[in-house]
Q: 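Please read through the structure below; I'll follow up with questions.
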Amino acid sequence: MLDQTFSGGVVIANPYPVEQVKIIQAPLPNQVVLPLQQRIGAEAKPCVEVGDRVLTGQVIAKTQDQFCVPIHASISGTVMAIDKQIIPHKSGLKSTCIRIESDGQDEWVETKGCGSDFLHCDRQTLIDYVQRSGIVGLGGAGFPSHTKLNKATGCHTLIINGTECEPGVMCDDALMQHHPREVIRGVEILLHITGAKRAIIAIEDDKQEAYQSLLMFSHSDLISLVQLPTKYTSGAEKLLIKALLDIEIPSGGFAADKGILCQNVSSTKAIFDAVIDQRPLVSRIVTITGDALTPINVEARLGTSFEQIINLTDVNQQAHDYRMGGMMMGIDIENTQMPICKITNCIFVNNKKPKRPTKECIRCNTCNTVCPIGLLPQQLYWHAKGENIEKCMDYNLLDCIECACCSYVCPSHIDLVGYFSFAKALHKKQATDQFKTDIARDRFEFREYRLERNKQERTQMMAEKKQALKDKMAKDKEQGQVQKDKIAQAMARVNKTKEKNA
């Protein structure tokens with residue numbers, strides 16, 4: 001099945017390979033900083049206060065939004081602060097965080113789960129465990145896993161994404177090599193939740209050790225392992241579905257619409273931990289790589305600083321650039337004091353290099369050939385550069401997954417994906433402004449309509465009152481005339497009577 005692939009994309013070998021993929025257990029941090037703003041949804045509200053003692057796995061913040069997941073303490077200790085701090089995000093903005101100082105005991109809170117007999121738990125109970133355990137997509141997207149599971153009604157195929165999202169990242173490879181039993185059991189749990197008829201574990205063909213490890217523990221006829229050619233961006237959900245099943249997910253559509261559920265392999269292992277071992281998500285494996293150090297994989301508690309886990313390997317003494325996430329889609333960060341979070345799958349530490357100068361587009365068309373979505377980056381670039389968002393939308397701007405394949409192959413070193421990201425932000429701003437304008441116009445038009453309606457109603461009311469007064473006066477006049485006639489007739493009778501008597 002090695003011929004299964006997709007059009008476009010680029011082949012990029014791991015720039016910093018290692019002889020053996022290992023996992024180093026990071027020592028318990030002295031303190032952790034846990035952001036309350038997650039990748040998706042509103043900011044969580046603290047349910048602890050400064051000075052409170054918390055246990056590992058204890059819920060310290062949550063939201064009322066059923067779309068979101070709670071936040072757990074990753075160590076036991078004392079809450080030292082709840083304040084604004086810079087978090088690893090491309091916005092560079094501050095977010096409310098909870099800082100916990102460790103007591104060195106790592107005392108866990110009592111938690112609930114189904115245990116090994118999960119087959120006797122119903123679907124919704126298992127999904128509730130997944131949500132309460134704070135599990136999200138650990139491949140970098142951060143989408144809440146329970147939301148996907150809730151929408152997986154009618155699911156016929158479960159896809160476990162073990163392709164690794166970007167070159168240089170090895171955390172999923174390490175996980176599959178060292179925890180194959182947990183991964184397979186996690187797949188079995190997902191099969192039970194979704195009712196899917198089959199599960200496909202997708203692995204790139206450069207991960208033979210991981211493939212063999214999973215093969216040793218996979219004994220179910222419902223589970224198959226498929227190796228794909230190592231090509232970026234095979235980890236993108238729609239591209240993976242196309243490569244494995246030859247099913248096209250249309251623009252704006254979802255995998256669930258086609259009866260398919262995709263889960264990252266690390267999320268699958270986290271689901272095993274939640275259901276079987278009854279432990280929430282408080283740690284993750286992070287790849288530390290780059291040309292400034294010896295690449296390693298570290299399992300660290302969430303909220304540990306970048307600096308602490310980077311110092312677990314040999315780092316040279318030169319000036320460095322830091323990047324969270326992949327070399328293609330990651331974000332540059334200014335310092336290493338930021339905390340790792342659920343979507344921190346990799347940290348690049350590279351020696352500082354001068355940026356390559358950007359040249360004019362030579363219209364070579366190379367960017368068009370590598371776009372895995374089949375867009376026209378060259379045309380999008382010109383329209384995005386001119387801020388012609390309407391034209392960008394005509395060229396399906398919103399379908400761009402910002403994989404940066406186009407930027408990678410551009411001989412002029414143009415940051416194409418940067419233009420597309422800017423155009424998307426501008427489109428969102430324009431849509432927001434237009435929405436506000438529409439609301440203001442609607443309110444103004446309704447006010448004008450209301451004033452005109454009131455004016456018409458008042459005019460009609462005054463006319464009706466005037467007419468009623470006229471009618472009343474005419475009626476009174478008529479009644480007065482009748483009364484006069486009656487009086488005249490009575491006087492006539494009186495006078496007639498007087499004449500007779502005289």
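Model, not experiment: these values are computed from the prediction. One is the number of the first residue; the rest follow in order along the sequence.
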Q: So which pairs with a foot in residues 97-106 pass salt bridge (charged side-chain N to carboxylate O under 4.0 Å, His left out), sequence neighbours left out?
A: R53-D103, D106-R301
Q: If you define the side chain from C-beta out and look only at heavy atoms, does anything of V286 sit under 4.5 Å from N297?
A: no
Q: Any side-chain to backbone donor/acceptor pair from T344 onto C341? Under 3.5 Å, distance only.
A: yes
Q: Quickly, which of V265, I223, V187, L225 forms a side chain to side chain contact (heavy atoms under 4.5 Å, CB included) with L214? Name it, please.
A: L225
Q: Can a donor-acceptor pair be found between the side chains of Y211 and D206 at a distance below 3.5 Å?
A: no
Q: Measure from the side-chain N and O atoms of Q208 to the backbone N and O of D205, and report whether any donor-acceptor pair falls under 3.5 Å.
A: yes
Q: For Q337, does the CD atom have more than 12 heavy-atom neighbours from other residues, nucleotides or ligands under 6.0 Å away?
A: yes
Q: Which atom names give the shortest non-hydrogen contact between H72 and G57, and what distance separates them?
A: CD2-O, 3.2 Å
Q: Among P372, S234, C403, find the residue that satisfies the side chain to side chain contact (heavy atoms under 4.5 Å, CB included) test when tested with L239.
A: P372
Q: Test side-chain hydrogen bond (donor to acceptor under 3.5 Å, both in side chains) on E188 and S220; report intermediate values, then the result.
A: CA-CA 9 Å; E188 292 172 352; S220 172; 5.6 Å; no
Q: Keeping the roles fixed (side chain from S102, backbone from N30), state whether a donor-acceptor pair exists under 3.5 Å.
A: no
Q: Examine distances only and state if a side-chain atom of Q58 and a backbone atom of L55 form a donor-acceptor pair shorter than 3.5 Å.
A: yes
Q: Would you tell me whether D128 and T125 have side-chain atoms, one donor and one acceptor, within less than 3.5 Å of each other?
A: no
Q: Mind running salt bridge (Lys or Arg N to Asp or Glu O under 4.0 Å) on E182 and R185 for me, showing each step along the way?
A: CA-CA 5 Å; E182 291 88 341; R185 291 288 279 167; over 6 Å; no
Q: What's the shortest heavy-atom distance between P250 and K238, and which atoms?
A: O-NZ, 3.3 Å
Q: Side chain to side chain contact (heavy atoms under 4.5 Å, CB included) for M176 and I203? Distances and angles first, verdict last.
A: CA-CA 10 Å; M176 290 184 286; I203 308 175; 4.2 Å; yes
Q: What pair of heavy atoms forms the shortest contact from A274 to I135, and how long is it?
A: CB-CD1, 3.8 Å
Q: Is any side-chain heavy atom of P295 closer than 4.5 Å to a side-chain heavy atom of I288?
A: no
Q: If only atom types and distance count, is the side chain of K148 paired as donor or acceptor with the main-chain N or O of G137 below 3.5 Å?
A: no
